[in-house]
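Report on the following structure.
Just so you know, ligand 1 is whichever comes first in the structure, and atom 1 is the first atom listed for that ligand. Not measured: the values here are computed from a predicted model. The first residue of the sequence shown is numbered 1, and numbering continues consecutively from there.
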Amino acid sequence: MENIGRRLFLGAASLAGSALLAVPRRLFAQAPPSSAGPADPTLIEDLVAANRILADQGVVDGYGHVSVRHGANPARYLLSRSLAPELVTAGDVMEYDLDSTPVDPRGRTGYLERFIHGEIYKVRPDVMAIVHSHSPSVIPFGVTGVALRPLYHMSAFLAGGVPVFDIRAESGEMTDMLVRTPALGRALARTLGSRNVVLMRGHGSVATAASLPHVVFRGVYTEVNARLQAQAMALSSNVTYLDPEEARKAEAAVGGTVSRPWELWKRKAMGK
Ligand SMILES: [Zn+2]
């Protein structure tokens, strides 16, 4: 900012008075990002359903959010305005560019942590949908150094490893624990790397996938695996996890059937 200001001053000093007024406008009057156009109504409907399902399944409560990449432009994504997921309707869905700037806010407030979504979409072209939650069973694995590992076939997608994002280490300071800046979003995306899920110390987790049904599936079964793993570890110090080859085969098999629970969960959540 300082450098921009100095350049502006030096440049403006050599300009005529009328140009002096025009320079700041050109530099600072940012037009909102352009829209990718109306999203497919089916995609919006699925995004609303994803919000309701995640609430119904106990993955999100008054907090947490789910997004999907815009079908017409991979540089745009869709996310509800700041609202409890269970209350989200089609009219609450906002379009963002990958800097997480709203295309047409119309007075609506966005989630503080929307940068989680934009910064992951920037670096992971394979990711089409993202869930951020504070689902409770996952939290202990972010604060103990005990790795979250797949112990049954439904959570085989955890096999690539589940890294932990430590906001204090990444930012070098005490924060309010929220990923409220693009820089923190970038650091989180870096920690996620090429994996499917990342934990956030003392906060929650993020699941990614190639579709809304799949990311909902991963959000649900990340929570279930965490609960089962804590139970297994309480029973025995000798827990057998999926072998990487078992995980690869299970992921291929179960991953092809996500439409089954999706249809069930959708009917239950939307019927309320
Ligand atoms: Zn959060």
* To do: Step by step, work out the side-chain contact (heavy atoms from CB on, under 4.5 Å) result for Trp265 and Val220.
  => CA-CA 11 Å; Trp265 292 335; Val220 168; 3.9 Å; yes

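Between Arg149 and Gln229, the closest heavy-atom pair is N-OE1, 2.9 Å.
For the Zn ion (ligand 1), protein N/O/S neighbours under 2.8 Å (waters excluded) are Glu113 OE1, His132 NE2, His134 NE2, His203 NE2.
Partner of Glu223 under the side-chain hydrogen bond (donor to acceptor under 3.5 Å, both in side chains) criterion, chosen from Ser205, Ser135, Ser155: Ser135.
Listed for the Asn51 side chain is no donor-acceptor partner under 3.5 Å among the backbone atoms of Leu87. Arg114 places a side-chain N or O within 3.5 Å of a backbone atom of Ser100 that can act as its donor or acceptor partner.
By the salt bridge (Lys or Arg N to Asp or Glu O under 4.0 Å) test, Glu45 is found to be paired with Lys266, residues two or more places apart in sequence or in another chain being considered.
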